[in-house]
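One structure below.
Basis for what follows: all heavy atoms, side chains included, without hydrogens, waters or symmetry-related copies.
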Amino acid sequence: MKTLIQFTFFICIGILKCNAQSQYSSDQFIGTTWIPVIQPPVCIDTISYVRAKEKRKSYMPQINKSVVHYKDFYLSDTIPSTFDYSQVNKTSIGNYMIFYSTSLEEMTFHKIITLDIAKGTLILERYNSLKGCFEPVEYRLVR
């Protein structure tokens, strides 16, 4: 019985190690532009990462206008309680993208599920305020 418990324990540890998340670097995002694989019906989004800023451009065909919104960002291993401005413009590493919008005066975050530049795939877990839950959003690399 003791051997069975030890065996089960080591199997569980092995599974946890196999499922451990990779860490990502903010440098991997700089200079990239992404579009959602499934575009919302009301607008066409592109997301670009320039230096320590996320530039989100939304074109709304119904009013024939584009809206551009910038957010400071950095990566972190954990979700901070407040935005750490000292991490902006530095190479940061982590599994969470932490954002601050000066126009909205709020901090938000996304969990990085997958980033594969070679395959042109980015999957972020984002909060969907309409559904009240987190859900994955897949992006395709444009450049």
Side-chain angles (χ1 to χ4, degrees), residues 4-143:
L4 180 61
I5 291 172
Q6 287 176 336
F7 178 73
T8 304
F9 175 75
F10 287 118
I11 292 294
C12 290
I13 294 296
I15 289 171
L16 289 173
K17 286 190 177 241
C18 288
N19 288 332
Q21 297 176 352
S22 299
Q23 293 223 320
Y24 304 96
S25 169
S26 56
D27 290 344
Q28 293 175 279
F29 289 91
I30 306 305
T32 61
T33 299
W34 305 85
I35 59 169
V37 171
I38 300 172
Q39 284 283 352
V42 293
C43 65
I44 300 168
D45 284 335
T46 60
I47 301 169
S48 301
Y49 295 95
V50 183
R51 260 327 257 152
K53 297 237 183 247
E54 177 191 70
K55 174 185 172 187
R56 182 177 295 266
K57 183 176 181 181
S58 300
Y59 173 72
M60 294 172 229
Q62 67 275 21
I63 60 172
N64 196 27
K65 270 197 169 175
S66 288
V67 176
V68 178
H69 185 73
Y70 291 91
K71 295 180 188 177
D72 290 326
F73 87 96
Y74 64 90
L75 301 188
S76 176
D77 283 332
T78 59
I79 302 164
S81 56
T82 59
F83 190 80
D84 184 355
Y85 288 98
S86 71
Q87 295 299 313
V88 177
N89 285 324
K90 292 183 180 177
T91 298
S92 52
I93 295 172
N95 296 316
Y96 293 94
M97 297 182 85
I98 312 300
F99 301 97
Y100 188 80
S101 169
T102 52
S103 61
L104 298 174
E105 296 182 347
E106 73 176 359
M107 181 186 84
T108 56
F109 68 91
H110 303 320
K111 182 176 182 182
I112 305 166
I113 305 299
T114 302
L115 172 63
D116 190 330
I117 300 289
K119 291 181 181 177
T121 302
L122 171 64
I123 300 174
L124 300 174
E125 190 173 72
R126 297 176 45 186
Y127 185 73
N128 183 330
S129 58
L130 297 175
K131 294 181 180 178
C133 63
F134 288 90
E135 61 185 14
V137 178
E138 184 174 352
Y139 296 88
R140 181 174 48 88
L141 183 65
V142 176
R143 60 182 159 103

Do you know which two heavy atoms are closest between [X] and [Y], and how far apart they sit?
X	Y	value
M107	P80	CE-O, 3.1 Å
D77	G94	OD1-CA, 3.4 Å
L122	F29	CD1-CE2, 3.9 Å

Just how far is it from atom [atom1] of [X] to atom [atom2] of [Y], taken to the nearest 0.5 Å?
X	Y	atom1	atom2	value
L104	H69	CG	NE2	4.5 Å
I35	I47	CD1	CD1	10.0 Å
D84	D72	CG	CG	11.5 Å
E125	N95	CD	CG	11.5 Å
D116	Q28	CG	CD	10.0 Å
I113	K111	CD1	NZ	5.0 Å

Subject >> Beyond-backbone contact of E138 with I38, side-chain heavy atoms, under 4.5 angstrom >> reply: no

Subject >> Residues in ring-ring contact (aromatic ring centres under 6.0 Å, His included) contact with Y100, at least two apart in sequence or another chain >> reply: F83, Y85

Subject >> ring-ring contact (aromatic ring centres under 6.0 Å, His included) against F134, all qualifying residues, sequence neighbours excluded >> reply: F109, Y127

Subject >> Polar side-chain atom of S76 near backbone of T78 as donor-acceptor pair, under 3.5 Å >> reply: yes

Subject >> Side-chain donor/acceptor of S26 to backbone N/O of L75, under 3.5 Å >> reply: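 Checked: no pair found.
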
Original post:
Of all residues at least two apart in sequence or in a different chain, which pass the side-chain contact (heavy atoms from CB on, under 4.5 Å) check with T108?
Top reply: K71, F99, E106

Original post:
Can you list the residues that meet the side-chain contact (heavy atoms from CB on, under 4.5 Å) rule with L141, with sequence neighbours excluded?
Top reply: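 With sequence neighbours excluded, L141 shows a side-chain contact (heavy atoms from CB on, under 4.5 Å) to T32, W34, I117, given in chain and number order.
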
Please tabulate, one pair per line, all N/O donor-acceptor pairs under 3.5 Å involving side-chain atoms of residues 56-63, not counting sequence neighbours.
| unit_1 | atom_1 | unit_2 | atom_2 | d |
| --- | --- | --- | --- | --- |
| S58 | OG | D45 | OD1 | 2.4 |
| Y59 | OH | N64 | OD1 | 2.6 |
| Q62 | NE2 | V42 | O | 3.4 |

Original post:
With sequence neighbours excluded, what pairs up with E135 under the salt bridge (charged side-chain N to carboxylate O under 4.0 Å, His left out) test?
Top reply: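 Testing E135 for salt bridge (charged side-chain N to carboxylate O under 4.0 Å, His left out), a comparison that skips the adjacent residues, returns K131.
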
**OP:** Evaluate the criterion side-chain contact (heavy atoms from CB on, under 4.5 Å) for residue pair Y139 and T121; output intermediate values, then yes/no.
**Re:** CA-CA 6 Å; Y139 296 88; T121 302; over 6 Å; no

Original post:
Please walk me through it: do V137 and I123 pass side-chain contact (heavy atoms from CB on, under 4.5 Å)?
Top reply: CA-CA 6 Å; V137 178; I123 300 174; over 6 Å; no

